[in-house]
Amino acid sequence: MNFIGQHILSVDQFDRASIEEVFRVADNMIPYALRQRVTRVLEGAILGNMFFEPSTRTRVSFGCAWNLLGGEVRETTGIKASALAKGESFYDTARVLSGYSDLIVMRHEKMGSVAEFAAASRVPVINGGDGANEHPSQALLDLYTISRELTDQGKAIDGMRIALVGDLRFGRAVHSLCKLLGIYRNISFSLISPEALRLPSSYIESLRSAGHTVVESSDMASGLQQADIVYVTRTQEERFESADEAQRYKGLLRLNQAVYTQYCEPNTVIMHPLPRDTRAEANELDNDLNDNPNLAIFRQTDNGVLIRMALFALILNVADQIDATSRPVNWYTAKRF
Ligand code: ASP
């Protein structure tokens with residue numbers, strides 16, 4: 001894949017070689033994310049960070065990644081703060097904002113909205129999440145995390161065993177991750193969800209036809225065993241017809257230390273795209289796991305900066321200029337890892 005000037009709208013755009021290229025550039029970003037070195041390779045460039053749906057990690061880490069490369073960020077948050085609320089089309093919004101930016105990251109609740117926006121944009125657009133459809137940068141950072149965690153255990157993505165837990169119907173992070181994992185070989189998928197929130201059949205069919213094993217269940221007892229990775233997700237309440245309907249599924253599947261000890265292997269890696277819903281009625285990933293060394297959720301969020309820096313560097317064709325323009329930091333830096 002030639003990244004230069006490309007939109008990133010779906011993980012369908014990636015093959016194994018392009019994933020590995022993103023990971024190689026991400027590895028190179030570690031000293032910058034750790035505040036050991038500074039680069040100004042995007043000095044003068046402007047990111048349009050357009051989030052029309054709630055976001056903490058994705059919005060801030062895209063902005064932070066751009067800043068770490070030396071660029072400036074302009075941001076819109078929430079539909080109400082933009083002219084979309086006055087009836088402006090994606091076409092007009094994209095024509096306007098692409099005149100102000102070198103690259104745009106966009107999130108919106110409507111499936112396909114970011115592709116529609118990108119079609120009218122004059123600069124590259126990255127999908128920061130379009131409804132229940134896709135979240136490509138999340139899937140890349142998840143896969144990068146999986147790769148690093150498994151490598152530490154002497155394992156590989158090919159042949160691994162993953163349990164995906166929770167709202168697999170509406171979870172776009174899971175949708176993109178399944179497509180990306182589908183590129184690899186011989187993976188065992190254990191899909192654990194309430195009956196009504198199963199992974200859409202098109203994803204399951206693609207995985208099976210690519211030679212992967214997929215088993216579905218509705219409870220942790222049968223689904224959690226023999227997993228290298230357990231990936232827990234939140235009930236996507238904003239995608240349901242009503243809050244009452246979403247409420248029915250909250251709290252049905254919970255991972256806590258007792259469940260982990262009973263069903264998981266001693267080094268099963270625990271992941272979640274976050275936010276975890278810590279309200280008592282949900283609490284799908286309990287705080288009592290916070291000191292479990294296999295809890296990788298904050299390694300995922302740290303890795304998100306690396307992956308987003310890599311995407312920017314590849315799309316804007318500066319990946320090879322970063323080290324040459326860098327210097328050590330000149331301020332006190334706290335130890336991050
Ligand atoms: N932050 C992820 C997303 O935007 C996962 C979630 O919200 O549950 O899709």
Side-chain angles (χ1 to χ4, degrees), residues 8-11 49-65 75-79 105-115 125-146 162 164-181 191-194 197-200 203 229-240 243 245-247 249-255 270-279 281-286 295-305 307-308 311:
I8 304 291
L9 302 175
S10 163
V11 290
N49 215 18
M50 304 297 150
F51 278 73
F52 302 115
E53 232 195 358
S55 174
T56 300
R57 269 150 296 276
T58 307
R59 178 173 58 81
V60 178
S61 68
F62 265 121
C64 176
E75 202 156 82
T76 292
T77 52
I79 295 246
V105 178
M106 181 182 158
R107 167 175 288 187
H108 192 279
E109 64 179 5
K110 188 177 156 220
M111 287 169 82
S113 54
V114 184
V125 175
I126 299 180
N127 182 359
D130 61 324
N133 187 33
E134 279 228 37
H135 195 346
S137 65
Q138 177 73 45
L140 286 165
L141 78 86
D142 287 339
L143 190 64
Y144 181 71
T145 305
I146 290 170
I162 185 167
L164 296 156
V165 182
D167 181 354
L168 309 183
R169 176 177 173 199
F170 294 119
R172 59 190 171 200
V174 164
H175 297 167
S176 290
L177 181 59
C178 283
K179 284 188 184 182
L180 219 45
L181 287 171
L191 307 179
I192 311 170
S193 67
L197 302 186
R198 294 218 155 154
L199 187 68
Y203 292 94
I229 307 282
V230 53
Y231 188 100
V232 183
T233 63
R234 172 183 73 88
T235 303
Q236 309 280 295
E237 58 187 13
E238 64 275 38
R239 314 267 176 244
F240 287 78
E245 196 197 343
Q247 208 61 31
Y249 303 107
K250 290 188 180 181
L252 294 181
L253 295 165
R254 288 183 167 150
L255 185 63
I270 307 160
M271 296 176 62
H272 190 305
L274 300 182
R276 49 179 160 169
D277 186 344
T278 55
R279 289 169 289 192
E281 70 272 23
N283 200 29
E284 72 274 355
L285 189 61
D286 199 280
L295 185 75
I297 57 177
F298 301 117
R299 296 195 281 277
Q300 282 173 269
T301 55
D302 285 344
N303 289 338
V305 174
I307 289 294
R308 291 171 175 134
L311 289 174

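Whatever order the structure lists ligands and atoms in, that order sets their numbers, starting from 1.
- With R276, R239, R172, R234 as candidates, the residue nearest to atom 4 (O) of ligand 1 on a non-hydrogen basis is R172.
- Of all the atoms in ligand 1, the ones that sit under 4.0 Å from a non-hydrogen atom of H135 are 3 (C), 4 (O), 9 (O).
- Residue P275 places a heavy atom less than 4.0 Å from ligand 1.
- Only the side chain of Q236 comes within 4.0 Å of ligand 1, judged by heavy-atom distances.
- Atom-to-atom distance recorded for M106:CE and T76:OG1 is 10.5 Å, nearest 0.5 angstrom.
- Listed by atom number, the atoms of ligand 1 under 4.0 Å from R107 heavy atoms are 4 (O).
- Of all the atoms in ligand 1, the ones that sit under 4.0 Å from a non-hydrogen atom of L274 are 1 (N), 2 (C), 5 (C), 6 (C).
- Remark: the R107 side chain and the H135 side chain contain an N/O donor-acceptor pair separated by less than 3.5 Å.
- A donor atom on one side chain and an acceptor atom on the other are found under 3.5 Å apart for Y231 and D142.
- Between F62 and F51, the ring planes are tilted. Angles from 30° to 60° get that label.
- To the nearest 0.5 Å, atom OG of residue S176 and atom CG of residue L143 are 11.5 Å apart.
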